[in-house]
Participant: 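If you scroll down you'll find the structure; I have some questions about it.
Order of the sequence lines fixes the chain letters, A, B, ..., with proteins taken first and strands second; residue numbering starts at 1 for each chain.
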2 protein chains.
Amino acid sequence: MNKDQSSGSNQAVLLDLGAVIATVTVDEPRVLLVGPEELNSRPRLPSGPFDPDSDRTMEEGLRRWVTDQTGLNLGFVEQLYTFGDRFRDPDARAGGPRSISVGYVALVRQSAAKRPAGSDWFDWYRLFPWEDWRNGIPAMLENLLQPKILSWIDGGESSKARKGRQERADVAFGFSDAGWDADRVLERYELLYEAGLVAETVTDGRIKTGFDQSDAHTLTGLPLHQDHRRILATALGRLRGKIRYRPVIFEVMPADFTLLQLQRAVEGLAGAPLHKQNFRRLVAAEGLVEPTGQFSSETGGRPAELFRFRPGVVRERPAPGVRMPRGKRTK
Amino acid sequence: MNKDQSSGSNQAVLLDLGAVIATVTVDEPRVLLVGPEELNSRPRLPSGPFDPDSDRTMEEGLRRWVTDQTGLNLGFVEQLYTFGDRFRDPDARAGGPRSISVGYVALVRQSAAKRPAGSDWFDWYRLFPWEDWRNGIPAMLENLLQPKILSWIDGGESSKARKGRQERADVAFGFSDAGWDADRVLERYELLYEAGLVAETVTDGRIKTGFDQSDAHTLTGLPLHQDHRRILATALGRLRGKIRYRPVIFEVMPADFTLLQLQRAVEGLAGAPLHKQNFRRLVAAEGLVEPTGQFSSETGGRPAELFRFRPGVVRERPAPGVRMPRGKRTK
DNA sequence: CAATATATGCTCAATTTAAGTATAAGTATC
DNA sequence: GATACTTATACTTAAATTGAGCATATATTG
């Protein structure tokens, strides 16, 4: 067995740091993308170099270039995944050093979310229309995607292959008893990719299945550069899981907020509707927030009390977060 | 903002793939380490090169060298974290390309867990004695560690620093109301590292606080090469979280097993005791297992029925795993 | 003032969880 | 082969949590 560092066969690779920078503004979850510079090019995730000489850690490096380039001040930052598949970049498959990207998710406060030059905030569900269940099952999922997924299943070569596809689709899209699991964002995107139902599939030169490239955007969301939508899917799944047991949602909230604002932010990321009275009971019982004594009358009805995050909760609860029902097929 | 690939300032780094290969044999969770070759050297995680030319994906690369070098056939494999801090390798801090390690966790079945040449299976809790709560709070935590942590808190420079340390310790070690959260393995290790309470601290040339290096092993567990114990802490935390909502525990079980064997495996990884009757009710109710009709009489008492994993559960439950009480300070 | 909007307090049944009691079916010991 | 001991498994019960809805409070709008 090798001694790791002494193994001589390591090859140098190029490493960059990619950032999924997310926030929630007025009910809508958003993500920062570098707008397409030319016609025919696609939006991409912001990314920067990792400079081993000046950056002590990768996270520091990330924070440095994000601040330099966007002026944003990142709050919560978490490493997501390291992407190194050969087919990440369809145009540069052969030769040259492999490009590896260490992906991070970061959250910024909605108030701080100005618009850096060259980039823009995109609604998350413009990229993943099938993930937005806040008003019940998305029409595009029921009418467009589901039939296409079914015919993808039927298109399996052998009966065994079809069974495998069926099971994957059942789990990912909750066609079976398990119902919709909001966290399985990546599984769903990967299935759509393999089924040829997102525009990226065709670009990557894979077999094209049951999909008309021409109006891809309107059908299955905005395609991004290379594998960036895949990275975003990873990030969304991670965030959705995380709000359930860590108080990360407060990273996107202003200092004071009403409970409905908080609920809308959670619903935005979770992609699911929540029962209002229970939600308020829950955040109160969990001790996540405390009243400020101030009231906001911008709500249109009875003024809502303003609350603030109560940091002490992390010392009181083992896993403080917003409990919500999992996998309920509300419809 | 940069176009990622076109940014010219990326520097080449050396990338290797590290593997935390875990299993559970007869109640004890174990991890595969490459034994110390020389006196004074420490056990290390197995790792191998990433060869961009022959490996399509990093996971494939990992599986390849693990099979080549150990003969083990990995089941569950999941990317863990990418470690790239400058101080990973205390002996090579200046100059030369940065060494980056993409860490993976893998599980192998206990039956397949033979002992590859040059490496050996180590009890997980030999490395993390404070993590084993299966018989209540570990004596070493209560008698040795806790007092030292308290004096580390008191040793803070300012009152603000002390308060910060207090809070960190409260959360990580459950001194406050929240109680012990089995998942926070990394937070605990990092605190011990910073407090100078593990042998690695001294090696890394940091300030040594309240710790006698000479008998480090017996006091705070077996130290490993470089930051490898830190990587293991990350892995253990991840596995503990994962068994709760994904049926990964079956990756270490033989095809047929008794419910007590299953319980022991879960307890081993979780580091916590479970209520026997509730455990069986739970795995049954969740549909995780099905009876084989066979019985085992090796149990010493009434023969236990053998069960097997029921894969169908993933289609029926949104998050099939072993539910267990979180953060109960059993004592 | 009526209509309407949001905020917030409270109830209630269903479900889940935690913990314990009781019983079954073997092995070991004398 | 009676007795003690071990493990397996079924069942009971109280407490806590969850899901859903009803009722009331306090604002704005016309």
Participant: Checking contacts here: which listed nucleotide (D/dA8, C/dA19, C/dT21) is nearest the side-chain heavy atoms of B/R302?
Facilitator: D/dA8
Participant: Which part of the nucleic acid, if any, lies within reach of B/E305 when heavy atoms closer than 4.0 Å are counted: base, sugar-phosphate only, or nothing?
Facilitator: sugar-phosphate
Participant: Specify the separation, in whole Å, of atom CD of A/Q294 and atom P of C/dA7.
Facilitator: 17 Å
Participant: Are the aromatic rings of A/F128 and A/W130 close, with centres under 6.0 Å apart?
Facilitator: yes
Participant: Base, sugar-phosphate or nothing for B/L282? Non-hydrogen atoms, less than 4.0 Å.
Facilitator: nothing
Participant: Both B/S297 and A/L306 contact DNA chain C. Which one's nearest nucleotide lies toward the 5' end?
Facilitator: A/L306
Participant: Given the structure, check if the side chain of A/E298 and the base of D/dT28 hold any donor-acceptor pair shorter than 3.5 Å.
Facilitator: no
Participant: When the nearest nucleotide of DNA chain D is assigned to B/G301 and to B/F307 on a heavy-atom basis, which residue is associated with the more 5' position?
Facilitator: B/G301
Participant: Is the phosphate of D/dT7, meaning OP1 or OP2, less than 4.0 Å from a side-chain N or O of B/K276?
Facilitator: no
Participant: If the test is side-chain contact (heavy atoms from CB on, under 4.5 Å), which one of B/L186, B/L191, B/V185 qualifies with B/R188?
Facilitator: B/V185
Participant: In this structure, how many angstroms lie between the P atom of C/dA24 and the CG atom of B/L259, rounded?
Facilitator: 20 Å
Participant: Which whole-number value in Å describes the distance from B/H275 NE2 to D/dC11 P?
Facilitator: 16 Å
Participant: Just the rounded figure in Å: distance from P of D/dT26 to CZ of A/F295.
Facilitator: 10 Å
Participant: For the pair made of CG in B/N278 and C1' in D/dA10, what is the distance, rounded to whole Å?
Facilitator: 12 Å
Participant: Any non-hydrogen side-chain atom of A/Q263 less than 4.5 Å from a side-chain atom of A/E267?
Facilitator: yes
Participant: Do A/R238 and A/E78 meet the salt-bridge criterion of a basic N to acidic O distance under 4.0 Å?
Facilitator: yes
Participant: For B/R281, which contact category applies under a 4.0 Å heavy-atom criterion: base, sugar-phosphate, or nothing?
Facilitator: base
Participant: Round to the nearest Å and state the distance from B/Q277 atom CD to C/dT16 atom P.
Facilitator: 20 Å
Participant: Would you say A/R280 reaches C/dT8's phosphate, i.e. side-chain N/O to OP1/OP2 under 4.0 Å?
Facilitator: yes
Participant: Using whole Å, report how far CG of A/L260 lies from P of C/dT8.
Facilitator: 9 Å
Participant: Map B/P303 and A/G300 onto DNA chain D by nearest heavy atom, then report which one ends up closer to the 5' terminus.
Facilitator: B/P303
Participant: How many whole angstroms separate atom CE of A/M324 from atom P of D/dT17?
Facilitator: 18 Å
Participant: Would you find more than 12 non-hydrogen atoms of other residues, nucleotides or ligands less than 6.0 Å from A/N143 atom CG?
Facilitator: yes
Participant: As a test of reading the structure: which of C/dT8, D/dT9, C/dA19 is closest to the side chain of B/A304, going by heavy atoms?
Facilitator: D/dT9
